[in-house]
Amino acid sequence: MDTVILHSHTDLDYAERAAQVLRRGGLVAIPTETVYGLAANALDEEAVQKIYAAKGRPSDNPLIVHIASFDGWAPLVREIPAPAMKLAKAFWPGPLTIVLPKSDRVPKSTSGGLETVAVRMPSHPAAQAIIAAAKLPLAAPSANISGFPSPTKAEHVIDDMNGRIDMIIDGGDAAVGVESTVISFTGETPQILRPGGVTPEQIRSVIGEVTVSPAALHPLGKNETAESPGMKYRHYAPKAEITVFAGADRAYFRRLAEEKENGVFALCFTEDAERCPVPFVTMGSRSDPLSQAARLFDALRELDERGASQVLARLPDDTGVGLAVCNRLFRAAAFRFHYEAPILGLTGASGAGKSTAACYFIRKEFGFTMVCCDHIARNIVEEPEILAQLVEAFGPEILEFGRLDRRQLAQLAFASEEATQKLNAITHPAILKKVKEITLFLARKGEPTVLDAPLLFSTGLDTLCDLTIAITTDKENLIARIMKRDRISREEAENRLARQEKEQFTSRADIVVRNDNRFSFQAQLRKIIRRVRALDEKNKKHLP
């Protein structure tokens, strides 16, 4: 069919022309403050079936009925409880949908076969004008192909619906950007079925106790009924396969860099743009969920326009309107997550107490796993491939009965600067490779890890870490501890510290912990652990 496109700000008769189409059983895409809706007469079963056909929408997915005034509500429902009326008066017109038992006037095709109906009063002036002119309640799901990102611009509707429906009304960009909050009053306690532009906190401030359906942030169970649009099926999804990354900032960018050769795109926050090592699309500011809500669907469509096939998305905060952003993003990703546990890099001068701190982190009550670079370095020389290279470089005399004679190797390897460099050229790449393999394996297995690395910065291992911690104390304390521990002279202790100065532990670390006495030392470590574990719990709470 030929689709007529009108502009609400220039075509003065748009409301009446749209109303004529709707009264004769046609379909009109209308702007609302949330997203564009595909409207039809909600009381006309044949007209409603056209919505399902145009969208390719499953018929058991209920529609929302839109009204222009409170007078239009009562005929659609059996009764209106006082708390529901309080909410309506607080948030209508606006992005709130209320579910109540339906009256006989509402056909089951509109309610998706349910005995309830979802009703809302949009605030967009064009939507209100069209509903008022039609003198009809309008069923109006999002005006997109079912399962694709919802349309927040008229161009999105034209892309999906041109030639499928009678008319499109261009009313500018949607202000909210995600669909309305859906709340049901059919149980003992009001329940939010779908988060949206009105937050749970705002609802509680009006009516008190309200629950949030587990399906808001998790897949609906096999035998569960979809009581609201956007609950049962994969929704809001671009053609690209999206995976939500649950982990620290540095881990996200590290993962992107690893996937660069595979053509991955980033769906990230505005603040991430300068750090992204791959092509990216932004979805709003990290600290502003309203900007994320307004931008998300447009960003998902942009990914398709740019030909993205694999996308790694940031995990938004799920508080306030962020709950709605998470709901849409998780469903667009079909609940695919990539989780990485935190990696802490622990370093410090000899005698500072780095090993003591590492042992504190791995206490059972804190749950960290330690990767010790010194331990790996000691064992790497026993690996057949490395041992063969050492024999070739230093001769068979470093072997005793086929096994490495460590003392003989040390005598030969540290006899000159050239010999030491030869040793390092063989062992250091293997050590670093092994450290990275083990550390990333643990993090991706879900085990928070502390990396004990004396040369954390000069070896580049700090890039592996989500947080770096340097243990320090006064120089006199360092000297005294080294002398006592290793039974060496003050001069030898000072020389050892001098060789470590290039590491610049305290200036390069994210956090500096002073080890002046046991009680304050442990208190500082506990504070870090609480901070890291709290962020980790937040990151992984949405995982299946």
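Values reported hereafter were calculated over all heavy atoms of this structure, with side chains retained and with hydrogens, waters and symmetry mates removed. Predicted model, so just to flag it, every value in this text is computed and none were measured.
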Has the side chain of Arg328 got a donor or acceptor atom that lies under 3.5 Å from a matching backbone atom of Phe297?
->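 Not a single qualifying donor-acceptor pair exists.
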
Please check if the number of heavy atoms outside [X] that lie under 6.0 Å from its [atom1] is greater than 12.
X: Arg531; atom1: CZ; result: no
X: Glu274; atom1: CD; result: no
X: Glu537; atom1: CD; result: yes

Over all atoms of both residues, closest heavy-atom pair of Ile242 and Ala333 =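 Heavy-atom minimum between the residues: O-CB, 3.4 Å.
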
Kindly give the heavy-atom pair with the smallest separation between Ile362 and Thr369, and that separation in Å.
->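 For Ile362 versus Thr369, the nearest heavy atoms are CG2-C, 4.0 Å.
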
Scan side-chain atoms only and decide if [X] and [Y] contain a donor-acceptor pair under the 3.5 Å cut-off.
X: Asp170; Y: His9; result: no
X: Asn379; Y: His375; result: yes
X: Arg194; Y: Thr97; result: no
X: Glu271; Y: Ser285; result: yes

Measure the spacing between CD1 of Ile183 and OG of Ser213 and express it to the nearest 0.5 Å.
->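 Reported value, rounded in 0.5 Å steps: 12.0 Å.
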
Specify whether Phe337 and His542 have parallel, tilted or perpendicular ring planes, treating 30° as the upper limit for parallel and 60° as the lower limit for perpendicular.
->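 Parallel.
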
Just say parallel, tilted or perpendicular for the rings of Phe366 and Tyr360, cut-offs at 30° and 60°.
->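 Rings of Phe366 and Tyr360: tilted, 30 to 60°.
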
Before giving the answer on side-chain hydrogen bond (donor to acceptor under 3.5 Å, both in side chains), spell out for Arg295 and Thr270 the whole-Å C-alpha distance, their side-chain angles and the decisive distance to 0.1 Å.
-> CA-CA 11 Å; Arg295 170 71 182 144; Thr270 307; over 6 Å; no

Is NZ or CZ of Arg314 both nearer than 6.0 Å to the six-membered ring centre of Tyr252 and within 45° of the ring axis?
->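 The answer is yes, since Arg314 meets both limits relative to Tyr252.
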
